[in-house]
A.B. asks: 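Got a structure here, written out as C-alpha cells. Questions coming.
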Amino acid sequence: MTKFNNIINLETVDSTNNYLKDHLTEFESGTVLFSTEQTNGRGRFDRSWFGEKYKSIFSSFLIKNISEPEDALRYSFLFSLGIKDLLSQYISAEDIVLKWPNDILIGDKKITGVLSEFAQNSVIVGIGINVLEFIPEGKIEMPWTTIEKETGLKLDVEKFKFELIDHINNAFIKYNAEDPKNITRLWAEEAEILGKFVTVSHQNKKISGTVLSIDDLGILKIAYENNIINISTGDLEYND
Ligand code: BTN
C-alpha cells in the first residue's frame, strides 16, 4: 500500500507536476513534492492554475509502478475523497461539493483542483488548494474561494501541508486503495451524482441529462434525449 512519507519542499518551480515528471527517476514512490511558489501552474485542458506564495498549496504526489495505466484515473478520485475529508475539518461537509471528475467546490466556488497525469508507469497527482486569501496574477475562469474566505480562519499553510498528507494517507486506507477499481463507485456515493441532472460541456458541445452510472474508470453514462451517452471528459455542471 502506498504511504506518502517522503516530503520534498522546493522554493519555486514552474509546476510541481512538471518537476516530478522531469525528475521521475530521482524520486521514490510515496514522494510528495511541495513548492512555496509555482510560476506556471497547470490545470485540466491546459488551463492555468493560480495561487500565491505562502497562501496556497502547490503539491504533487507520486505513485510508481501502478498495476495498470487506468489506475491513474482511479487514484485521482481517491485524492478528491481525501481532500474532502481534510476540508470537512473546517467547512461543513454539506457545503463541500465533489464535482466530476476531480474538482472540489464550496457551493459553486472552486477551492481545490486535482490534475492527475500518467508517465512511465507512474501517476503524478497534482493538488492545488486555496488556503488564504490571495490576488491571482491572471483571470480565474470560474468562481473560486479560499478556506479563509469560507471560515475566517488564517490557517498555518506549513501545518496544513502535513494535514493534507495525513488525510491522503488515511483515504488510501479508508477507501481501500488496494483495490482501486472500487474507488469511482465510492466517489460517486460521496458526490451523490447518480440520478442528478447535469450538463457536460466539451469542445463547444453541451449535453444535458441524468447521470445513470459511473464505471470503474470514472466514465459517466448519461441519459440524453433517447440515448445513453458515455462521458469521459469535459466540464460538468449540476443543474438541480
Ligand atoms: C484543475 O482544476 O484543472 C486542476 C488544477 C491542478 C493544480 C495543481 S497545483 C499543483 C500541481 N501543479 C500543477 O501545475 N498543477 C497542479
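Since we're looking at a predicted model, the values are computed, not measured. Atom set for the values below is all heavy atoms of this structure, side chains included, hydrogens, waters and symmetry mates excluded. We number each residue from 1, following the sequence as shown.
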A.B. asks: So Ile66 and Asn121, side-chain contact (heavy atoms from CB on, under 4.5 Å) or not? Walk me through it.
C.D. replies: CA-CA 6 Å; Ile66 59 175; Asn121 212 29; 4.3 Å; yes
A.B. asks: Taking all non-hydrogen atoms of both residues, which atom of Asp85 and which atom of Ser88 are closest, and how far apart?
C.D. replies: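 Heavy atoms of Asp85 and Ser88 come nearest at O-OG, 2.8 Å.
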A.B. asks: I'd like to know whether NZ of Lys161 has more than 12 heavy-atom contacts from other residues, nucleotides or ligands below 6.0 angstrom.
C.D. replies: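 Count over threshold, so yes.
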A.B. asks: Going by salt bridge (Lys or Arg N to Asp or Glu O under 4.0 Å), Lys84 matches just one of Glu192, Glu190, Glu189. Which one?
C.D. replies: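 That would be Glu190.
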A.B. asks: Taking the side chain as everything from C-beta on, heavy atoms only, tell me whether Leu98 gets closer than 4.5 Å to Leu81.
C.D. replies: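 Yes. Closest side-chain heavy atoms under 4.5 Å.
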A.B. asks: Using a 3.5 Å distance criterion without hydrogens, assess whether the side chain of Ser232 forms a donor-acceptor pair with backbone atoms of Ile219.
C.D. replies: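 The answer is no, because no donor-acceptor pair under 3.5 Å joins these two groups.
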A.B. asks: I need the full list of ring-ring contact (aromatic ring centres under 6.0 Å, His included) pairs touching residues 109-128, with sequence neighbours left out, sorted by first then second residue.
C.D. replies: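 Matches after skipping sequence neighbours: none remain.
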A.B. asks: Rounded to the nearest 0.5 Å, how far does CD1 of Ile147 lie from CD1 of Ile57?
C.D. replies: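 The CD1 atom of Ile147 is 8.0 Å from CD1 of Ile57, to the nearest 0.5 Å.
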A.B. asks: Under 6.0 Å from the NZ atom of Lys99, do we count more than 12 heavy atoms belonging to anything else shown?
C.D. replies: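 Counting neighbours around NZ of Lys99, more than 12 heavy atoms of other residues, nucleotides or ligands fall under 6.0 Å, so yes.
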A.B. asks: Would you name the heavy atoms of Ser76 and Leu73 that are closest together and state the gap between them?
C.D. replies: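 Nearest pair, atom of Ser76 first, then Leu73: OG-O, 2.5 Å.
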A.B. asks: Measure the CZ-CG distance between Phe45 and Leu115 for me, rounded to the nearest 0.5 Å.
C.D. replies: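 Phe45 atom CZ to Leu115 atom CG measures 10.5 Å (nearest 0.5 Å).
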A.B. asks: Determine, using the 4.5 Å side-chain heavy-atom cutoff (strictly less than), whether Val125 and Phe58 are members of one ILVMFWY cluster.
C.D. replies: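 Not linked; separate clusters.
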A.B. asks: Counting heavy atoms not belonging to Lys21, are there more than 12 under 6.0 Å from its NZ?
C.D. replies: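 Result for NZ/Lys21: enclosed.
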A.B. asks: Going by heavy atoms in the side chains, are Ile222 and Val198 under 4.5 Å from each other?
C.D. replies: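 Ile222 vs Val198: side chains touch.
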A.B. asks: What are the two closest heavy atoms between Ser208 and Thr199, and how far apart are they?
C.D. replies: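 Heavy atoms only, the tightest pair is OG-OG1, 2.8 Å.
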A.B. asks: If every non-hydrogen atom of Asn6 is compared with every non-hydrogen atom of Thr31, which pair is closest and at what distance?
C.D. replies: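 What the structure gives for the nearest pair is ND2-OG1, 2.8 Å.
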A.B. asks: To the nearest 0.5 Å, what is the distance between NZ on Lys55 and CG on Asn130?
C.D. replies: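 The distance works out to 12.0 Å.
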A.B. asks: Pair Ile214, Trp187 - check side-chain contact (heavy atoms from CB on, under 4.5 Å), show working.
C.D. replies: CA-CA 10 Å; Ile214 188 165; Trp187 176 91; 4.0 Å; yes
A.B. asks: Let me confirm one number: the CZ-CG distance from Phe27 to Leu62, rounded to the nearest 0.5 Å.
C.D. replies: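 One finds 8.5 Å between CZ of Phe27 and CG of Leu62.
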A.B. asks: Mind checking the NZ-OG spacing from Lys53 to Ser35? Nearest 0.5 Å is all I need.
C.D. replies: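 Output value for this atom pair is 9.5 Å.
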A.B. asks: Looking at Lys196, is its backbone amide N or carbonyl O close enough to the side chain of Thr210 to form a donor-acceptor pair, meaning the two atoms are under 3.5 Å apart?
C.D. replies: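 Checked: no pair found.
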A.B. asks: Give a yes or no on whether Ile228 atom CD1 has more than 12 heavy-atom contacts from other residues, nucleotides or ligands under 6.0 Å away.
C.D. replies: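 No, because the 6.0 Å sphere around CD1 of Ile228 holds 12 heavy atoms or fewer from other groups.
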A.B. asks: Does some side-chain heavy atom of Phe34 sit less than 4.5 Å from a side-chain heavy atom of Val157?
C.D. replies: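 No. Closest side-chain heavy atoms not under 4.5 Å.
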A.B. asks: Is the shortest heavy-atom distance from the side chain of Val13 to the side chain of Asn18 under 4.5 Å?
C.D. replies: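 Answer no - side chains too far apart.
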A.B. asks: Treat each ILVMFWY residue as a node, draw an edge where side-chain heavy atoms are under 4.5 Å apart, and state whether Phe77 and Leu86 are in one component.
C.D. replies: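 In one cluster with Phe77: Leu86, yes.
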A.B. asks: Applying salt bridge (charged side-chain N to carboxylate O under 4.0 Å, His left out) to Asp235 and Arg44, what does each step give before you reach the verdict?
C.D. replies: CA-CA 10 Å; Asp235 288 312; Arg44 289 167 70 228; 3.7 Å; yes
A.B. asks: Considering non-hydrogen atoms only, spot the tightest contact between Leu164 and Ser59 and give its length.
C.D. replies: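 Distance-wise, the nearest heavy atoms are CD2-OG, 3.8 Å.
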A.B. asks: Do you know which two heavy atoms are closest between Lys110 and Gly113, and how far apart they sit?
C.D. replies: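 Taking every non-hydrogen atom into account, CE-CA, 4.1 Å.
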A.B. asks: Indicate yes or no: at least one non-hydrogen side-chain atom of Arg74 is less than 4.5 angstrom from one of Leu217.
C.D. replies: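 Arg74 reaches Leu217 side chain to side chain.
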A.B. asks: Determine whether Ile193 and Ile83 fall in the same hydrophobic cluster, where Ile, Leu, Val, Met, Phe, Trp and Tyr are linked whenever their side-chain heavy atoms lie under 4.5 Å apart.
C.D. replies: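 Shared cluster, yes.
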A.B. asks: With side-chain contact (heavy atoms from CB on, under 4.5 Å) as the test, would you mind laying out the steps for Tyr238 and Asp108 before giving the verdict?
C.D. replies: CA-CA 9 Å; Tyr238 291 107; Asp108 59 359; over 6 Å; no
A.B. asks: Applying side-chain hydrogen bond (donor to acceptor under 3.5 Å, both in side chains) as the test, list every pair that has at least one member in residues 131-146; sequence neighbours left out.
C.D. replies: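 Residue pairs with at least one partner in residues 131-146: Thr145-Glu150.
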A.B. asks: Within the structure provided, determine whether Asn169 and Ile173 are in side-chain contact (heavy-atom separation under 4.5 Å).
C.D. replies: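 Asn169 vs Ile173: side chains apart.
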A.B. asks: Count I, L, V, M, F, W, Y as connected when their side-chain heavy atoms are under 4.5 Å apart, and connections chain through other members. Are Val200 and Tyr224 then in the same cluster?
C.D. replies: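 Same hydrophobic cluster.
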A.B. asks: Between OG of Ser60 and CD1 of Ile8, what distance do you get to the nearest 0.5 Å?
C.D. replies: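 Taking OG in Ser60 and CD1 in Ile8, the distance rounds to 12.0 Å.
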A.B. asks: Decide yes or no for Ile231 and Ile207: does some side-chain heavy atom of the first lie under 4.5 Å from some side-chain heavy atom of the second?
C.D. replies: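 Contact flag for Ile231/Ile207 side chains = yes.
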A.B. asks: Under a 4.5 Å side-chain heavy-atom rule over Ile, Leu, Val, Met, Phe, Trp and Tyr, are Ile124 and Ile165 clustered together?
C.D. replies: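 Ile124 does not cluster with Ile165.
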A.B. asks: Filter on ring-ring contact (aromatic ring centres under 6.0 Å, His included), then keep only pairs touching residues 161-180, sequence neighbours left out; what's left?
C.D. replies: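 Found Phe4-Phe172, Tyr75-Phe172, Phe79-Phe172.
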A.B. asks: Does the pair Met142 and Arg47 meet the rule for a side-chain contact (heavy atoms from CB on, under 4.5 Å), with working shown?
C.D. replies: CA-CA 11 Å; Met142 70 175 295; Arg47 292 174 184 146; over 6 Å; no
A.B. asks: Whether the side chain of Trp100 engages the backbone of Ala188 through a donor-acceptor N/O pair (distance < 3.5 Å, no angle test) should be reported.
C.D. replies: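 Not confirmed, Trp100 side chain does not pair with Ala188 backbone.
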A.B. asks: Measure the shortest side-chain to side-chain distance between Ser29 and Ile63 over non-hydrogen atoms and say whether it is less than 4.5 angstrom.
C.D. replies: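 Yes, their side chains come closer than 4.5 Å.
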